[in-house]
K.L.:
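What follows is a structure written as structure tokens; I'll ask about it next.
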There are 2 protein chains.
Amino acid sequence: MLTVDQKAEPGVSAEQLPLLLGDLVTVANRLTRLAAQSTESAESPAVWRTLSTLVSLGPVRLGELARQSRVSQPTMTKIIRNLDQVDWVKRIVDVDDGRAWQIAITPKGEKALHDWRDTLAEALVPHFSDLAADELEHLIEATRILQQRVAVGTLLSKRDDA
Amino acid sequence: MLTVDQKAEPGVSAEQLPLLLGDLVTVANRLTRLAAQSTESAESPAVWRTLSTLVSLGPVRLGELARQSRVSQPTMTKIIRNLDQVDWVKRIVDVDDGRAWQIAITPKGEKALHDWRDTLAEALVPHFSDLAADELEHLIEATRILQQRVAVGTLLSKRDDA
DNA sequence: GCATAATGCATAGCCAAGCTATGTATATAA
DNA sequence: TTATATACATAGCTTGGCTATGCATTATGC
């Protein structure tokens with residue numbers, strides 16, 4: 001019976017997966033808009049995404065930060081210039097390479113990110129506070145799965161590194 | 001036992017929900033970037049989001065479209081101007097109100113959206129094709145839940161309409 | 001019916017996040 | 001040493017965001 005189940009499931013995902021992905025990406029973008037509008041944040045998702053990456057990875061090269069954020073290097077240069085100006089990140093000379101910078105989040109940047117997350121939670125909780133336990137479980141697991149799958153370098157083939 | 005379970009769950013969600021929402025919004029934004037980068041789409045998420053809304057809702061007023069997309073009206077005016085120029089949407093005189101327009105998606109726009117979704121699926125499937133059946137189930141359910149919750153007008157309190 | 005207020009959309013102006021192309025300095029390879 | 005590659009900055013462009021304002025139409029109040 002387990003063998004039969006395993007044979008059946010790949011077929012299901014092969015049929016459902018493409019449709020799911022379209023819906024998933026669309027609703028993800030809607031959620032991003034909901035977050036932006038409900039927090040009335042003066043900063044953009046790119047800012048929070050960048051700061052989150054620095055918290056997760058620690059100090060990292062500017063180019064690597066761009067890669068992790070899935071944006072071009074000049075875009076990241078611009079984002080960092082803005083964040084540097086408000087002291088949310090700092091540039092550290094990379095002693096191993098005279099061309100490179102290490103970018104690190106500052107305590108001020110960590111606080112800003114923390115504040116944003118608090119504001120976000122407060123704004124969004126009313127949309128989700130009546131979730132049933134199993135629904136909440138789905139969201140928790142889906143978040144975990146997505147975090148794993150969107151992480152840079154996890155593609156099954158080498159295409160993601162191309 | 002059911003009563004005990006129900007009493008326990010609200011407490012869990014009250015503690016976990018804020019943290020989950022921060023992670024969820026962050027990963028949603030990452031997914032949007034993954035989608036944009038892997039499809040190499042010349043169009044932005046705002047375009048696909050707008051076209052998707054028109055498919056879902058049918059012809060709708062420009063201002064209502066802005067509201068459904070959670071952007072300001074002038075922003076939507078700009079987006080529609082671009083979509084009108086490439087014949088992905090059409091403007092229809094609103095016979096009930098001389099100030100208003102009805103905006104509808106064209107067959108050409110529907111095809112463009114369909115093509116994008118195909119391209120998206122093709123690009124993203126390698127990231128998700130090895131999902132276990134239960135993982136896939138979590139994503140499917142989470143997508144359904146999010147679609148419900150980000151829909152305009154579903155907030156528990158009236159704040160979303162303010 | 002007329003005056004006033006409200007509404008729907010367009011325009012204006014600004015900013016930030018995206019991109020590709022190019023430039024400059026440094027590091028690596030031959 | 002020279003040629004090539006790499007890391008980041010700059011330049012220029014576009015689009016999606018915003019608020020403020022303008023204009024025409026509609027709704028409301030008297």
Side-chain angles (χ1 to χ4, degrees), chain A residues 29-30 32-53 59-86 88-103 116 161, chain B residues 29-53 59-86 88-103 161:
Chain A
N29 183 257
R30 290 191 191 288
T32 299
R33 283 307 310 153
L34 174 62
Q37 221 183 23
S38 55
T39 55
E40 297 175 16
S41 177
E43 265 70 42
S44 71
V47 168
W48 310 123
R49 188 182 67 224
T50 303
L51 293 179
S52 296
T53 302
V60 68
R61 279 193 184 181
L62 192 146
E64 181 59 19
L65 191 53
R67 202 171 78 87
Q68 294 288 334
S69 295
R70 297 185 186 272
V71 300
S72 67
Q73 169 262 310
T75 297
M76 187 51 75
T77 297
K78 205 185 292 187
I79 294 175
I80 293 299
R81 184 177 63 210
N82 294 336
L83 294 180
D84 191 13
Q85 277 191 340
V86 295
W88 286 2
V89 303
K90 61 188 170 186
R91 287 171 175 270
I92 304 164
V93 169
D94 189 322
V95 294
D96 295 328
D97 193 330
R99 306 166 296 184
W101 294 99
Q102 294 280 331
I103 309 292
W116 171 74
D161 295 332
Chain B
N29 182 256
R30 290 192 192 287
L31 183 63
T32 299
R33 284 308 310 156
L34 173 61
Q37 219 182 26
S38 55
T39 55
E40 298 174 14
S41 176
E43 265 70 41
S44 71
V47 168
W48 310 124
R49 187 183 67 224
T50 303
L51 294 179
S52 297
T53 301
V60 66
R61 280 194 184 180
L62 192 147
E64 180 61 18
L65 192 52
R67 201 172 78 86
Q68 293 288 334
S69 295
R70 296 185 188 272
V71 299
S72 66
Q73 169 261 309
T75 297
M76 188 50 75
T77 295
K78 206 185 290 187
I79 294 175
I80 293 298
R81 184 178 61 209
N82 293 336
L83 293 180
D84 192 13
Q85 277 189 341
V86 295
W88 285 4
V89 304
K90 61 187 170 185
R91 287 171 174 270
I92 305 165
V93 170
D94 190 321
V95 294
D96 294 329
D97 193 329
R99 304 166 298 186
W101 294 98
Q102 293 280 334
I103 309 292
D161 295 330

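Just so it is clear: chains get the letters A, B, ... in the order the sequence lines come, proteins before strands, and each one is counted from 1.
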K.L.:
Quick one: closest heavy-atom pair of Ala66(B) and Ser72(B), and the distance?
P.N.:
CB-O, 3.8 Å
K.L.:
Does Asp84(B) pair with Lys90(B) as a salt bridge, N-O distance under 4.0 Å?
P.N.:
no
K.L.:
Verify the ring-centre separation between Trp116(A) and Trp88(A): is it less than 6.0 angstrom?
P.N.:
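Here the rings of Trp116(A) and Trp88(A) have centres that are no less than 6.0 Å from each other.
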K.L.:
Can you see if the side chain of Arg91(B) gets near the phosphate of dA10(C) - specifically, an N or O under 4.0 Å from OP1 or OP2?
P.N.:
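The answer is yes; a side-chain N or O of Arg91(B) sits under 4.0 Å from OP1 or OP2.
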K.L.:
Between Ile92(B) (CD1) and dC9(C) (P), how many Å, whole number?
P.N.:
13 Å
K.L.:
Rounded to whole Å, please give me the gap between CG in Asp94(A) and C1' in dA9(D).
P.N.:
16 Å
K.L.:
Roughly how many Å is it from CD in Glu43(A) to P in dA16(C), rounded to a whole number?
P.N.:
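Going from CD in Glu43(A) over to P in dA16(C) covers 9 Å.
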K.L.:
Can you check each nucleotide of nucleotides 15-22 of chain D against protein heavy atoms at under 4.0 Å and return B for base, S for sugar-phosphate only, - for none, in 5' to 3' order?
P.N.:
-BBBBB--
K.L.:
State which residues pass side-chain hydrogen bond (donor to acceptor under 3.5 Å, both in side chains) with Asp94(B); sequence neighbours excluded, sorted by chain then number.
P.N.:
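Result, side-chain hydrogen bond (donor to acceptor under 3.5 Å, both in side chains) vs Asp94(B): Arg61(B), Gln102(B).
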K.L.:
Take the protein atom CG of Asp84(B) and the nucleotide atom P of dA10(C), then report the distance between them rounded to whole Å.
P.N.:
10 Å
K.L.:
Can a donor-acceptor pair be found, under 3.5 Å and without considering hydrogens, that links the side chain of Arg70(A) to the backbone of Arg33(B)?
P.N.:
no
K.L.:
Find every protein N or O atom lying less than 3.5 Å from an N or O atom of nucleotides 27-30 of chain C, and list the pairs.
P.N.:
{"unit_1": "dA27(C)", "atom_1": "OP1", "unit_2": "Gly98(A)", "atom_2": "N", "d": "2.8"}

K.L.:
We want to know whether Arg30(B) and Thr53(A) form a side-chain donor-acceptor pair, criterion being a heavy-atom distance below 3.5 angstrom.
P.N.:
yes
K.L.:
Give the rounded distance in Å between these two atoms: CH2 of Trp101(A) and C1' of dT26(C).
P.N.:
14 Å
K.L.:
Let me know the distance between CE of Met76(A) and P of dT20(C), rounded to the nearest Å.
P.N.:
15 Å
K.L.:
Please give, in whole Å, the distance from dA7(D) P to Leu65(A) CG?
P.N.:
14 Å
K.L.:
Does OP1 or OP2 of dG8(C) have a side-chain N or O of Arg61(B) closer than 4.0 Å?
P.N.:
yes
K.L.:
Rounded to the nearest 0.5 Å, how far does OG of Ser44(B) lie from CG of Asn82(B)?
P.N.:
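One gets 9.0 Å once the value is rounded to the nearest 0.5 Å.
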K.L.:
Measuring from atom CG of Leu65(A) to atom CD1 of Ile80(A), what distance do you get when rounded to the nearest 0.5 angstrom?
P.N.:
5.0 Å
K.L.:
Return the value, rounded to whole Å, for the distance between atom CZ of Arg81(A) and atom P of dA17(C).
P.N.:
10 Å
K.L.:
Between Met76(A) and Leu62(A), what is the shortest heavy-atom contact and its length?
P.N.:
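In this case the closest contact between Met76(A) and Leu62(A) is CG-O, 3.8 Å.
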